[in-house]
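So the structure is just underneath, and the comments pick up after that.
Chain letters run A, B, ... following the sequence lines, proteins first and then strands; every chain starts at 1. Note that the coordinates shown come from a computational prediction; the quantities given were computed from them, not determined experimentally.
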2 protein chains.
Amino acid sequence: MSQTKNTPQPRPDARTFSIGELARELDVTTRTIRFYEDMGLLTPRRRGQTRIYSPADRVRLKLILRGKRLGFSLAESRELIELYNPASDNNRGQLQALMDKIHEKRAQLTQQLHDIEVMQLELDEAEQRCRETMQRITHHN
Amino acid sequence: MSQTKNTPQPRPDARTFSIGELARELDVTTRTIRFYEDMGLLTPRRRGQTRIYSPADRVRLKLILRGKRLGFSLAESRELIELYNPASDNNRGQLQALMDKIHEKRAQLTQQLHDIEVMQLELDEAEQRCRETMQRITHHN
DNA sequence: ACAGCACTTTACGTTAACGTAAACTTCCGC
DNA sequence: GCGGAAGTTTACGTTAACGTAAAGTGCTGT
């Protein structure tokens, strides 16, 4: 048996993170991470007072930050996380509500996708005009 | 001459909008539009006290709202608008600064594009799991 | 034993982006 | 000439998402 020995890492996912580590890696302040916890978006384990973050906690934090990059509020990011963790409420209407939210979010993403494409085209034009102006300046007739 | 007569619309772009019209069409409040003006993002003509919006003003407003949908701050939207209206400052370093901002914005958009794609995949997975659960419930063995 | 560093809680401060209310003016139809 | 709708200014209020400061805890190297 290759992995049955008493290795320092019984399971490959046993790794944990301090709040400072996560803050540096993901480029946020510790204040921000604690704030997200206050808002109920994170619930790390504790060793005494100190927070211990699991890889899953780290993933949740990354989800929040990705939402932030897309302009989502924390409430919206919370919804997205709940979509990912179906909370095991196997009720019927709940599932339909889930589906509705999924489609709603998808519609929003589609809109953003379109907005981005248009904006990219406009940036292309702006860059083009910019280049032309530089040309006209460098070797002005 | 076909268009030299004193028609009600001398030029095809002579149309104007009231603040209320724009608010209804673009689904914002008049307060919001006035706020954007206070922030220097809009400068409509005036007839007396009353604001008169040109088609160009309307475009600017739509640009702001699109930026908002992408999570941009008003300051960022202002920058984007300035990129589109090069302000005719034909200086050299200014042009390079413009190019830099363009590339910066493009990088940001690229990041958002990537975020959206990943998030769409996750929504697909979530929907799939949701469907399966509904299956298991409707005709439970 | 003690400095130093990372962590903790508590609490008040700040900024952006509006909302909301009050108190006008202007125009339009009747 | 008057009520209502749509416009205006001024000003204070609100919410989200943290920033910042104060004061304390806990380990770690020397």
Side-chain angles (χ1 to χ4, degrees), chain A residues 15-54 57-58 60-82 105 108 112 115, chain B residues 8 15-55 57-58 60-82 105 108 112 115:
Chain A
R15 207 201 143 180
T16 64
F17 308 87
S18 77
I19 195 172
E21 280 174 319
L22 286 187
R24 266 171 314 224
E25 179 191 350
L26 304 180
D27 197 33
V28 293
T29 68
T30 60
R31 175 69 177 92
T32 296
I33 297 179
R34 293 196 191 97
F35 177 71
Y36 293 162
E37 182 174 346
D38 283 352
M39 297 296 101
L41 294 171
L42 293 174
T43 43
R45 278 168 36 220
R46 299 275 185 141
R47 181 153 57 201
Q49 293 265 72
T50 305
R51 281 163 252 252
I52 309 284
Y53 295 88
S54 71
D57 290 327
R58 178 164 161 276
R60 287 173 73 94
L61 180 48
K62 287 176 107 173
L63 284 180
I64 300 170
L65 297 177
R66 190 175 63 197
K68 196 179 166 191
R69 286 196 300 272
L70 293 177
F72 290 17
S73 71
L74 293 186
E76 288 172 312
S77 285
R78 188 211 314 280
E79 286 191 355
L80 283 171
I81 291 180
E82 288 171 1
K105 291 296 176 188
Q108 185 178 348
Q112 288 190 261
D115 285 335
Chain B
R15 208 203 143 180
T16 63
F17 309 86
S18 76
I19 194 171
E21 281 174 320
L22 287 187
R24 265 171 317 224
E25 179 192 351
L26 304 181
D27 195 35
V28 293
T29 69
T30 60
R31 175 67 178 91
T32 296
I33 297 179
R34 292 197 190 95
F35 177 71
Y36 293 162
E37 182 174 346
D38 282 352
M39 296 297 99
L41 293 171
L42 293 173
T43 43
R45 280 168 35 222
R46 299 274 186 140
R47 180 153 57 201
Q49 293 264 74
T50 305
R51 280 163 252 251
I52 310 282
Y53 295 88
S54 72
D57 289 327
R58 179 165 160 279
R60 287 173 73 94
L61 181 47
K62 288 175 106 174
L63 285 180
I64 300 170
L65 297 177
R66 190 175 64 199
K68 196 180 165 189
R69 286 196 300 272
L70 293 178
F72 290 17
S73 71
L74 293 185
E76 287 172 313
S77 285
R78 189 210 315 280
E79 286 190 356
L80 282 170
I81 291 179
E82 288 171 0
K105 293 294 176 188
Q108 185 178 349
Q112 289 190 258
D115 285 336

How many Å lie between [atom1] on [X] and [atom2] on [N], as a whole number?
{"X": "I52(A)", "N": "dC27(D)", "atom1": "CD1", "atom2": "P", "result": "12 Å"}
{"X": "R45(A)", "N": "dC7(C)", "atom1": "CZ", "atom2": "P", "result": "16 Å"}
{"X": "E76(A)", "N": "dT15(D)", "atom1": "CD", "atom2": "C1'", "result": "14 Å"}
{"X": "I33(A)", "N": "dA17(D)", "atom1": "CD1", "atom2": "P", "result": "16 Å"}
{"X": "E37(A)", "N": "dC7(C)", "atom1": "CD", "atom2": "P", "result": "14 Å"}
{"X": "L74(A)", "N": "dT15(D)", "atom1": "CG", "atom2": "C1'", "result": "12 Å"}
{"X": "D38(B)", "N": "dA16(C)", "atom1": "CG", "atom2": "P", "result": "14 Å"}
{"X": "F17(B)", "N": "dA6(D)", "atom1": "CZ", "atom2": "P", "result": "18 Å"}

Looking at [X], I'd like to know whether one of its side-chain N or O atoms comes within less than 4.0 Å of OP1 or OP2 on [N].
{"X": "T29(A)", "N": "dC18(D)", "result": "no"}
{"X": "K68(A)", "N": "dC18(D)", "result": "yes"}
{"X": "R34(A)", "N": "dT8(C)", "result": "yes"}
{"X": "Y36(B)", "N": "dC18(C)", "result": "yes"}
{"X": "S18(B)", "N": "dG7(D)", "result": "yes"}
{"X": "T50(A)", "N": "dG26(D)", "result": "no"}
{"X": "R51(B)", "N": "dT8(D)", "result": "yes"}

Mind checking if [X] touches a base, just sugar-phosphate, or nothing, with heavy atoms under 4.0 Å?
{"X": "R46(A)", "result": "sugar-phosphate"}
{"X": "S73(B)", "result": "sugar-phosphate"}
{"X": "R47(B)", "result": "nothing"}

* Take L61(A) and R58(A), measure what side-chain contact (heavy atoms from CB on, under 4.5 Å) needs, and give me the verdict at the end. => CA-CA 5 Å; L61(A) 180 48; R58(A) 178 164 161 276; 5.7 Å; no
* More 5' along DNA chain D: Q49(A) or M39(A), using each one's nearest nucleotide? -> M39(A)
* **D27(B) atom CG: more than 12 heavy-atom contacts under 6.0 Å** => no
* Asked: More than 12 foreign heavy atoms under 6.0 Å from CZ of R46(A): is that the case here?
  -> yes
* Asked: Would you call I33(B) and Y53(B) a side-chain contact if the rule is heavy atoms closer than 4.5 Å?
  -> yes
* Should F72(A) and L63(A) count as side-chain neighbours, where that means a heavy-atom distance under 4.5 Å? -> no
* **Proximal nucleotide (of dC18(C), dA17(D), dG19(D)) relative to the T32(B) side chain** => dC18(C)
* Go through the steps for T29(A) and F35(A) under the test side-chain contact (heavy atoms from CB on, under 4.5 Å), then give the verdict. => CA-CA 10 Å; T29(A) 68; F35(A) 177 71; over 6 Å; no
* By nearest nucleotide on DNA chain C, pick out whichever of R31(B) and F35(B) is the more 5' one. => F35(B)
